Amino acid sequence: MSFLTGKIKLIFPAASRGESNARNFLHHIRSLDPVAIFAHGQYARYPFKKSRKTTCLIFFALLSLCLLTAAGADASPLPAGGASSGAGGATARFAPAKSENPNPLGLLKDAVVTFFNPMEGDVLAVKDGLLTVAISNSASVKAGMRMKVLKKGAEFFHPVTGEPLGRIEQPVGDAQVVNGTSAGGRAQLKLLDGQAGPGNIVRISGARVRLLFYQLRDVSWGLSEEYYELLKKTGRFDLLASPLDNEKDALAEGRRLKADAVLIISQETLPPEKTSGGGGSTVLSQKLIWTSDSVQALESGSVIKSGQLKQLTLGDKLFAPKNNSLIMFRVPFGAHLVSIANVLPDRQLLLLATRNDISFYSISSSLLSPALDGSEIKGRSWEDFLRVQPADIGGGGRDEIIIGAKGHGEIFSYIYAFENGKFTKLWEAKGLFLRWIDGRLYAQRVSVASGFEGQIHPAKWDGTEKRVVLDNAKPAFPKGINIFDFALMDYDGKTLIIAYDDRGFINVYDDGTGALLWRSAGSFGGFPIGFKKEGYNPTQETGQSYEREGYEPAQGSRWYIKDKIVVTGHDALLIERQPLLKMARGLGYKSSRIGVLRWDGASMKQLVLGDKLPGTISDFAASKDRLVILESPVFGVQLGRILQGDSPFTTRLYMYPLGDK
């Protein structure tokens, strides 16, 4: 549909699990090359809001183009073996065997691929539903294989030369190999449906097989991505993915997706006492099941020792995104907050917040699908959500949702819980922000007019009375540090405070003494969410007026909701942003990325994490096996989409598999 008619396309091609050559994919995104983006990426189905007036789209597109032109762009194994036969057909089972393949995942891959090796044979005889077949490459035949039965038709010839070009073939049935070939190159197949007779042929074609890669809930994301990529590189499969992760749903999902077979992946961790040589290990197992009749063709597994596991995942790197496993989704325009929540016991969900709505999605695979039967948290039409944090404040093994919001010139805080299949508001207050830090609840008073007031105080959640109780007598952190400014890090028995200041510099304090231990040499780019203080006089702090200082207003004239800092071990993850123009940060950002600061006892070492993304990262979240990044292009406008008749207003979510450190 044409952009000029004001009609907006709402349906995109379905998302793929991971993109090959994703390093080039990121490079093209940085250069905002729409042709390359659509050549390398497929996108999830998501609705977005279209602009009311076409003139707004054209205005922002032209403005973005001008600014981008001016600013520039930075941009020991258990392979399958043996066979057992029964009423359901032959199934390959676990059988110890030696192999020269140093990669235990390679053994799993080989076991699956051998079921789909292209081959052909002639039907010699048929008796009681059993076909005797002469196979050309008989050494590759194995029990459980499925072949098409084809009836030979008339030859067809070149219309000019008269040379024979081939023979018309008609599919007449399906058959499964019962046992391998004998010394004479003969194999027996069981006719599953249709009919067959002497003179027919059986064949496994070279066409790609539609295979549903179905990983169960406890499978490590990074490990499954390694295996997924191995299968993908064979070129033998069209790999399908599903948001489901329960084994009982696998076959029904495979049929819904019109898969030829389902490959179910599971994982088990073995303790050191059950592993030869100690050290512990992981068993990655697989089942190959035909979707047409639910017959299991293969069950095999590979033992991955702890040392191999590090090599297969990310070794000793903390967060090193595997570029060939990058997954990208288009999500609702206006989404600006993301987190990972356990609102159900032992199940991680993706939390995605737009202006005043919060939705939850399953993240068990590369597809995002609504979770909790579509239950959402809906704010009031006149408020904006500023900060969202899942936290088990009730101690019940599941997260409540803490929300900080602004509306009608006031600040609000809420606590929601998922109860009886829906979200219920447990508590609400004005003029207060809450935050859960290292297993404790804290609060700080705040107003829109003047920002944060006073210091951070401990608080308690009274589950019986459904209220928050503040301890106003005891400040919890040094003066000048506000509730969203910092994260805590333990180092050699000492607690460090890693904190932003209003200009985006990082400071490290000793929590015991309050002493400043380290300060970054430069700013990390500032913060997108900020508010002007009422009645502020810039000469009070600087002695200069705003006009004399330049394009950027004095920092004291505004207060900010600082970005997340995520601490793991001695590393702090945070957002680095590069403004379009250094002297006018309010115009937006041309690129951003997730950075890592590593404390060595005396200073922070800055590490590089992945490539820069165009526009700005509005929020991110990390779990033990995923890094999730929420990013908007410059001004939220992707120019290439205008040329394709789609809305240029878009938000993107990137998902990286992570290591196990």
Side-chain angles (χ1 to χ4, degrees), residues 77-99 101 106-150 171-196 200-207 209-212 231 234 236-237 250-251 254 259-266 285-302:
L78 295 172
S84 61
S85 60
T91 301
R93 302 258 180 207
F94 286 113
K98 294 182 179 180
S99 173
N101 194 332
L107 291 168
L108 295 174
K109 181 260 297 180
D110 293 343
V112 172
V113 172
T114 54
F115 275 83
F116 304 99
N117 286 330
M119 63 180 64
E120 184 175 310
D122 296 313
V123 179
L124 304 178
V126 180
K127 183 178 181 181
D128 298 330
L130 290 179
L131 286 63
T132 302
V133 178
I135 304 289
S136 54
N137 50 341
S138 59
S140 300
V141 178
K142 64 188 302 180
M145 280 181 165
R146 296 254 168 127
M147 300 186 183
K148 286 287 183 185
V149 182
L150 305 167
V172 294
D174 295 280
Q176 177 173 299
V177 177
V178 177
N179 52 43
T181 55
S182 63
R186 304 291 190 266
Q188 275 199 326
L189 281 72
K190 178 183 177 181
L191 187 64
L192 299 176
D193 57 59
Q195 56 187 3
N200 291 160
I201 59 177
V202 294
R203 179 183 297 147
I204 298 176
S205 76
V209 177
R210 288 178 63 83
L211 181 67
L212 173 58
L231 289 171
T234 66
R236 196 68 187 88
F237 305 104
L251 278 172
D260 299 308
V262 177
L263 188 65
I264 301 175
I265 310 298
S266 60
S285 304
Q286 63 183 2
K287 295 178 184 177
L288 180 68
I289 303 175
W290 303 110
T291 55
S292 59
D293 55 8
S294 306
V295 171
Q296 181 174 303
L298 168 72
E299 182 177 2
S300 67
S302 232

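A quick note: this is a predicted structure, and the numbers were derived from the prediction, not measured.
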Do [X] and [Y] have side-chain heavy atoms sitting under 4.5 Å apart?
X    : Y    : answer
L130 : L189 : no
D174 : M147 : no
V177 : V133 : no
I264 : Q286 : no
V126 : L191 : no

(request) Run through L288, V262, D260, T291 and flag the one making a side chain to side chain contact (heavy atoms under 4.5 Å, CB included) with L211. (result) L288
(request) Could you give me the CA-CA distance, side-chain angles and deciding distance for M119 and S140, then say whether side chain to side chain contact (heavy atoms under 4.5 Å, CB included) is met? (result) CA-CA 8 Å; M119 63 180 64; S140 300; 3.6 Å; yes
For a quick test of reading the model, state the closest non-hydrogen atom pair linking [X] to [Y] and the distance between them.
X    : Y    : answer
I135 : A187 : CG1-CB, 4.2 Å
F116 : I204 : O-CG2, 3.9 Å
V172 : N200 : CG2-OD1, 4.3 Å
S300 : L108 : OG-CD2, 3.9 Å
V178 : A143 : O-CB, 3.6 Å

(request) Determine, stepwise, if the pair V123 / I201 fulfils side chain to side chain contact (heavy atoms under 4.5 Å, CB included). (result) CA-CA 6 Å; V123 179; I201 59 177; over 6 Å; no
(request) Give, for atom CD of Q188 and atom CG of L131, the distance between the pair rounded to the nearest 0.5 Å. (result) 9.0 Å
(message) Please tell me whether S205 and K148 have a donor and an acceptor in their side chains that are separated by less than 3.5 angstrom.
(response) no
(request) Tell me, with the steps shown, if Q176 and W290 meet side chain to side chain contact (heavy atoms under 4.5 Å, CB included). (result) CA-CA 11 Å; Q176 177 173 299; W290 303 110; 4.0 Å; yes
(message) Please enumerate all residues that pass salt bridge (charged side-chain N to carboxylate O under 4.0 Å, His left out) together with D293, with sequence neighbours excluded.
(response) R146
(request) List the steps and the verdict of side chain to side chain contact (heavy atoms under 4.5 Å, CB included) for I289 and L251. (result) CA-CA 8 Å; I289 303 175; L251 278 172; 3.6 Å; yes
(request) List in chain and number order the residues that pass side chain to side chain donor-acceptor pair (under 3.5 Å) with E120, two or more places apart in sequence or in another chain; answer none if no residue qualifies. (result) R203
(message) Could you work out, with side-chain contact (heavy atoms from CB on, under 4.5 Å) as the rule, every residue matching T234, not counting sequence neighbours?
(response) K109, V113, R236, F237
